Number of protein chains: 2
Amino acid sequence: MVRTPTTPIYRVLFNNLKGQIDDGHYKKGDLLPSENDLCKLYSTTRPTVRQALSELARLGYIVRHHGKGSIVSEPKNGLGILSIKGSTAGVGKKNLQTKVLAKTAKTNWPIDFPYELTEAQRHAGCLYLSRLRFVNGLPTLYEETYITDIDLPRFTMHNLEKNSLFETLNKYHKVEIKEGEQKIWAVAADKAVSDLLSVKPGKPILHMKRSMHTNKSNLIIYSFLYCNTEEYFIQDYF
Amino acid sequence: MVRTPTTPIYRVLFNNLKGQIDDGHYKKGDLLPSENDLCKLYSTTRPTVRQALSELARLGYIVRHHGKGSIVSEPKNGLGILSIKGSTAGVGKKNLQTKVLAKTAKTNWPIDFPYELTEAQRHAGCLYLSRLRFVNGLPTLYEETYITDIDLPRFTMHNLEKNSLFETLNKYHKVEIKEGEQKIWAVAADKAVSDLLSVKPGKPILHMKRSMHTNKSNLIIYSFLYCNTEEYFIQDYF
DNA sequence: CAAAAAATCTTGTATATACAAGAACACAAA
DNA sequence: TTTGTGTTCTTGTATATACAAGATTTTTTG
C-alpha cells in the first residue's frame, strides 16, 4: 500500500479508545472521558466523537448512559465471532493452543462447496487451512477455513499457530470482518471427527457453517467447524 | 406505529422504513429513496436521516453503498436472536406453529437458576412460560422463558401462540432488546426432551442458554432452549 | 441538619452547511 | 463502435451550533 488515504478522525479515535480498552488502560466499569473532553483532546466536534463512541457501543465495548457518560464494559467478541468458554470459568489465552493441521495453501474451491460463489471468487481461487484447537490440552474444536484469495499477497507465510487469523488479516492486510451468517447443528460425531476430537463416534458434536463478509467486497471467509461441548461451551455476545 | 410527540424523528423514520421492509413494500435488492429524498419526505436533515439508516444497517435490514444508495437486504432477526431455517429453503411464517405448554405466569426464580440475579430482580420475581415450536408440523424447538416481572402490567394476558414474544413486549410495553449473550452446547436428548421433540433418547440436540438485556434496566429476559436440528437448523446473522 | 432548589455536569436530538469520494450516465472524441 | 471525460447522482466525513433531558453536585432554604 503506497497510497495512504487519510484515516477519518472518528476512526482514529475509535481505534485509540478500543486499544486502550483492550490493553487495560480503561477497565471494566471505568468512565470514558466525556464527549466534550474528547472533542478538545482530538480537536474535533461532538458529532465526530459520537460516531466513534457509537461504533464502540455497537461492538459492546462501552455502554452509554444519558446524563452520565460512557462506561467501559467487558470487551466482547462482537460481530458474533464465537469464543470458547469453559463451563466454569473463562479460558485464558495460555490455556488455548492451536495446532495447524493443514498449513495455509492455495487450492481450488471444493466442487461441493455449500455456499454460492461469485465469478470473481471462483476466478480468484481460495486459501485453505485447517486447525485444531486445544483447551487445557483437550482437543475441543476443529475448524476448516476457506478464504477468497483476493488481495492477500504472501498470506501463506503467516504463522497462525500463535496469532489469530482475524488479527493477522486485520494487521497485515487491513481486512475487517463486517457481517456474516452462521448456521448451527447438533450432529453425531462421525469417524473422522471423533478421531480429531478424541470422542466416541456418535457423541453429540456442535457443527457450524459460517460465512463472513469483509470490508473488501468478494473477500469472503468461510469456516466450517466441529466442537466438542462436553467440557466447554461456545459463547457469543450480541 | 403510535406516534407520541416525544418520539424522535429518526425513530419514526426508522420504524416506517423497517415496517415497509417487513411488510414487503421494499423487497430484497430494492434501492431505498436517497438520503436527500428522505430529507424532503420527512422535512428533516441528512444527519437525522442517516441516524435512522445507520440503525437499519446495524440490524441488517439494508446495506449501504457509497455513491450508490441503500439496498434492502434480507430482513434479518438482528441482534443474534435466532431463527429456524429449513435445511433446503426458508421456513415461512405459515409453516411455523407455536404451542404454549405453560402459559405465562408469575413464579419465583428457580433455586438453581444458572444466572446471577440482582436484588431488584429477585424482589420483582419472574414470569415464566414454555413453548414448543413446530416447523411443518414437526416439533422442533422447545423453549423456556423467564422474564423479570418489572413494569409489565397484565402481561400474562397476551396470547403468545399467534404473536411473537418480542413483538408483544415491544408493542405493548415498549421493551426493546439491546444486547445479550448466548451459550451453545450439543447434548444428547434425555427422556424429557426426547418426548417433547419426538426423537429417540440420546439423539444429538442443540441446547442454548441465552440472556438478553433490554432498554429497561433490570428487565432481563432469559431463555433456555432445545432444538432438534435433524431436519432444520438454527441460523443467525451478525 | 436535612430537604428542596438551582447550577452544572453529562448524553440525546436536531438543524444547517460544506466538501470529499464512489458510482452511474450522457456525450463527445478517437 | 469504443473510449474517455465530464456531469450529476449517490453516500462519507466533518464543522458549528442549539436546545432537551437525565444525572450529579452545589447552593439555598426551611
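Chain letters run A, B, ... following the sequence lines, proteins first and then strands; every chain starts at 1. Note that the structure is a prediction, hence the values are computed from the model and not measured.
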Under-4.0 Å side-chain N/O to phosphate OP1/OP2 contact, [X] with [N]:
| X | N | value |
| --- | --- | --- |
| B:T45 | C:dA14 | no |
| A:T48 | D:dT15 | yes |
| B:R64 | D:dG12 | yes |
| B:K68 | D:dC9 | no |
| B:R50 | D:dG12 | yes |
| A:Q51 | D:dA14 | no |

Query raised in the report: Mind checking whether A:Y146 and A:F113 have ring centres under 6.0 Å apart?
Result: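 Judged by ring-centre distance (under 6.0 Å), A:Y146 and A:F113 do meet the cut-off.
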
Taking the side chain of [X] as heavy atoms from C-beta outward, which of [options] is closest to it?
| X | options | value |
| --- | --- | --- |
| B:N36 | D:dT10, C:dT10, D:dA14 | D:dT10 |
| B:R46 | C:dT13, C:dC19, D:dT10 | C:dC19 |
| A:H66 | D:dT17, D:dT10, D:dA20 | D:dA20 |
| B:S34 | D:dT15, D:dT10, C:dA14 | D:dT10 |
| B:P8 | C:dT15, D:dG12, C:dT13 | C:dT13 |

Report summary line: Closest non-hydrogen atoms of B:L129 and B:K103, given as atom of the first, atom of the second and distance, are CB-C, 4.3 Å

From [atom1] of [X] over to [atom2] of [N], roughly how many Å is that when rounded to an integer?
| X | N | atom1 | atom2 | value |
| --- | --- | --- | --- | --- |
| B:H65 | D:dC9 | NE2 | C1' | 16 Å |
| A:E35 | D:dA20 | CD | P | 18 Å |
| B:R11 | D:dA20 | CZ | P | 21 Å |
| B:L32 | D:dT11 | CG | C1' | 13 Å |

Query raised in the report: Any donor and acceptor pair, going by atom type alone, linking the side chain of A:Q51 with main-chain N or O of A:T48 inside 3.5 Å?
Result: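 Here the side-chain-to-backbone pair does not exist.
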
Query - Check: A:L56 and A:F14 side chains under 4.5 Å, non-hydrogen atoms - result: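 They are in contact (side-chain heavy atoms under 4.5 Å apart), so the answer is yes.
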
Query raised in the report: When A:D149 is tested against each of A:K106, A:R122, A:K216 for salt bridge (charged side-chain N to carboxylate O under 4.0 Å, His left out), which residue passes?
Result: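 The passing option is A:K106.
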
